[in-house]
A.B. asks: 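After the structure tokens below, expect a handful of questions from me.
Hydrogens, waters and symmetry mates play no part in the numbers below; they use all other heavy atoms, side chains included. Note that the coordinates shown come from a computational prediction; the quantities given were computed from them, not determined experimentally.
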Amino acid sequence: MFHSRITRRCLASFLLATLTALTITCLLLLHYFHAYTMQKEQDALVLNAQIIEQTLAAQGRSNSHEFTSLLQQLSDNTGLRITILNVDGTVLMDTSEPAAKLDNHFQRQEVQQALAHEYGTAIRYSDTLDENRMYVAIPVYQDGQLVRIIRTSNPLTAAEASYQTLRQALIAAILLSAVIAFVLAVWLAKRQVAPLQRLRQDAAIIAHGDYGHRINWRSGDEFDQLIQTINLLTGNLSRRIAEASAEAAKLALVLEQMDNAVMLIDSRGQIIEANRQAQELFQLKDQPLKRHSIHLLGSAGLSETAQRVSRTQCPETITYQRGSGQSAPASHTFTIFLTPFPGQDTAQILAVFHDISLLQEINERQAEFISNAAHELSTPLTALSGFAETLATQNVQQPELTHHFAQVIYEQAQRMNRLIQDLLQLARLETLSHSQELSLTPVSVQPAIRSVLAQLSPCFQEKKQTVLFPSAKDTAPNDLQIAAVPGLFRQIIRNLLENANKYTPAGGKIHIFLEASPQGITIRIADNGIGIAPEHLPRIFDRFYRVDKARSRSTGGNGIGLSLVRYLTELFHGSIQVESTIGQGTTFSLQFPPSASQA
């Protein structure tokens, strides 16, 4: 218990106060006892001197042998020393020593006081008797004249012995009181420190992170207010920490789930923290993260900008393009925002990578689309303008040539009309799909395909192509249905069959396969035409994209048909795939979920 500084301070304070009070009390008692004893002794000597004076006045013979004997007997019986002095200080009689041996006492303190007052007193060591004594002298007047001085004295041995006895008793009392006070001080200190120790234990529990802990005991004094304050403080702290933890969890969740890569970089270029997107995108290992440097990104501009932001403490934005490689299968373009990050290290930099690759690709495709659309429109317009100008400026007398020019103008006008109609149809479908849900109805697959085949029959007959439907390999029932818009579904089939007719040589074959399964319905349209090179397959569904532009123009293609097919297929919750081999043919596979009536 004495290891506690508070205990030692309480104990020392209590003992100091107690011993100081006891010491002062004892000193006051000793002083009072000494003063009281001396006053009593003085009063007794004055009384004895006055009695002797009265006796001497009554006897009227101060020098008589009888009076001297009487005084000597009184001195012997009481131990009182009696001295009779003349007015000049000469000793006339003394009960302890012969008067002739004694010096003149005129200059003695008590004599001088007696001459000036009613009596005089003095305490001094008597060389004659070898002891401390108290002296009292009173003047004796006769008819108003000082005739003699009577001095009485007593030894102070008894008073000094009593004083010493009292002092020893008081010292013993102080020591005993000190022991008792020490025991009481220990008890009181323990009682006062116990609540503090309990508070310290409870505070240690809270300091170790148990913010739900509360102090439930009561002391019945001012400690209760401190306990209430600590509980209130702990509750507020727990609530604040919970709020901060919740906010930190939200921020961490947002940081981990956001599409942007985020890094925290120190002044040496080491990556301190990185979110999931950054670790996956730049192939960073989670532990230990500080082994990675920003230089591994391979951009000197990024490193220089980070150093400049660290030095100037001003945010900057740069564009960084990361090429494809082993660590990065595809190239990416980033807009990087770098800003000083507040923290213990003022040189830390927060880098946020905004991936604008898709936006850049969209912009490039948009520019390509505009260029292709302008080119597709300019081609027939050039032909129309040229042939119309020829007819207008030259006098063409040959009917066959005039008919040829008119036929070319008509074909180019129709081509431009088809292009515009396809674009308008795509625009209408996109507007419709974004504004409201399409009303899908069950559509019978086989009748829809037969209807399209009947419309395109002249085209197939012109090129002597054989269309096999249903195929011998078909195992699907005859009542297959999908959820679609009838006219738009026929548009999908028509575009694919027109595409097969255009790129399949004369005398070729076109197969239409139907397959049904619990997962859905598959429609395959396969031909033995010229095929498509592998490098063109990923983009054949893009608008205005054509594998062989010259051949497409000669066949009247505008690059919109397959784009429309994919858009409509996805609109009906389906998917489309293509397989092709150069010189062997192409197969388009349409997959649709079954309609609600067949599900």
Side-chain angles (χ1 to χ4, degrees), residues 376 379-380 383 400 403-404 407-408 410-412 414-415 418-419 422 445-476 478 480 489-515 521-541 544-566 568-569 576-591:
E376 291 296 332
T379 300
E400 295 81 2
H403 181 270
H404 173 69
Q407 183 67 27
V408 172
Y410 174 77
E411 291 176 355
Q412 295 299 325
Q414 289 296 108
R415 176 184 173 186
R418 287 196 301 271
L419 174 63
D422 288 343
V445 175
Q446 290 93 333
I449 294 177
R450 292 190 183 95
S451 174
V452 174
L453 288 175
Q455 295 174 6
L456 297 178
S457 179
C459 300
F460 295 127
Q461 292 177 0
E462 182 182 353
K463 296 183 70 173
K464 298 181 180 180
Q465 295 172 339
T466 302
V467 180
L468 300 178
F469 178 76
S471 175
K473 297 181 181 180
D474 282 351
T475 59
N478 295 325
L480 293 180
F489 175 70
R490 287 192 295 271
Q491 181 72 42
I492 295 174
I493 303 300
R494 182 184 182 90
N495 286 2
L496 291 177
L497 289 176
E498 285 180 346
N499 208 59
N501 170 254
K502 291 175 183 177
Y503 298 102
T504 300
K509 293 182 179 181
I510 300 172
H511 296 265
I512 302 176
F513 302 95
L514 295 180
E515 295 179 7
I521 297 171
T522 302
I523 304 173
R524 289 189 178 90
I525 299 178
D527 61 56
N528 58 354
I530 62 176
I532 304 172
E535 62 269 19
H536 297 294
L537 290 177
R539 296 197 60 188
I540 62 172
F541 295 106
F544 294 110
Y545 186 82
R546 289 173 297 191
V547 176
D548 188 345
K549 296 184 179 180
R551 183 178 178 89
S552 297
R553 291 194 184 97
S554 65
T555 58
N558 54 30
I560 299 295
L562 290 180
S563 175
L564 185 61
V565 167
R566 185 181 65 174
L568 291 174
T569 302
I576 184 171
Q577 296 178 350
V578 60
E579 298 175 358
S580 184
T581 303
I582 293 293
Q584 295 183 12
T586 303
T587 300
F588 287 92
S589 298
L590 299 171
Q591 294 179 343

A.B. asks: How many angstroms lie between CD1 in I512 and CZ in R524, if you round to the nearest 0.5 Å?
C.D. replies: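 Those atoms lie 13.5 Å apart.
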
A.B. asks: Within the side chain of S457, is there an N or O that forms a donor-acceptor pair under 3.5 Å with the backbone of L453?
C.D. replies: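 No; judged by distance alone, with no hydrogens or angles, the pair does not exist.
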
A.B. asks: Please evaluate residues L562 and F588 with respect to the criterion side chain to side chain contact (heavy atoms under 4.5 Å, CB included), reporting the C-alpha separation (whole Å), side-chain torsions for both, the decisive distance (0.1 Å), and the verdict.
C.D. replies: CA-CA 10 Å; L562 290 180; F588 287 92; 4.0 Å; yes

A.B. asks: Find the distance between CD1 (I493) and CZ (F469) and round it off to the nearest 0.5 Å.
C.D. replies: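 If I round to the nearest 0.5 Å, the distance is 9.0 Å.
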
A.B. asks: Which residues satisfy the salt bridge (charged side-chain N to carboxylate O under 4.0 Å, His left out) test with R494, sequence neighbours excluded?
C.D. replies: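 In terms of salt bridge (charged side-chain N to carboxylate O under 4.0 Å, His left out), with neighbours along the sequence ignored, R494 is linked to E498.
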
A.B. asks: Would you indicate whether the side-chain heavy atoms of F541 and T569 approach each other to under 4.5 Å?
C.D. replies: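 No, side chains not in contact.
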
A.B. asks: Hey, are the side chains of T522 and F513 touching, using non-hydrogen atoms and a 4.5 Å cut-off?
C.D. replies: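 SC-SC contact between T522 and F513 ruled out.
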
A.B. asks: Using 0.5 Å steps for rounding, measure from the NZ atom of K509 to the OG1 atom of T466.
C.D. replies: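 So the NZ of K509 and the OG1 of T466 are separated by 6.5 Å.
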
A.B. asks: Atom CG in L497, atom CD in Q455: separation rounded to 0.5 Å?
C.D. replies: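 That separation rounds to 10.5 Å.
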
A.B. asks: To the nearest 0.5 Å, how far apart are CG in L537 and OG1 in T586?
C.D. replies: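 Those atoms lie 8.0 Å apart.
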
A.B. asks: With side chain to side chain contact (heavy atoms under 4.5 Å, CB included) as the test, would you mind laying out the steps for L514 and I449 before giving the verdict?
C.D. replies: CA-CA 11 Å; L514 295 180; I449 294 177; 4.0 Å; yes

A.B. asks: Does the T587 side chain pair with the main chain of S580, one donor and one acceptor, at a distance under 3.5 Å?
C.D. replies: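 Checking the backbone N and O of S580 against the side chain of T587, no donor-acceptor pair under 3.5 Å is found.
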
A.B. asks: Any side-chain heavy-atom pair from L496 and L590 closer than 4.5 angstrom?
C.D. replies: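 Sidechains of L590 and L496: in contact.
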
A.B. asks: With sequence neighbours excluded, what pairs up with Q465 under the side chain to side chain contact (heavy atoms under 4.5 Å, CB included) test?
C.D. replies: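 With neighbours one apart ignored, the set is F460, K463, N501, T504, I510.
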
A.B. asks: Please say which of I576, I540, V578 ends up in a side-chain contact (heavy atoms from CB on, under 4.5 Å) with R566.
C.D. replies: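 Exactly one pass, corresponding to I576.
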
A.B. asks: Crowded around E579 CD? As in, over 12 foreign heavy atoms under 6.0 Å?
C.D. replies: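 Atom CD in E579 is not packed in, count stays at 12 or less.
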
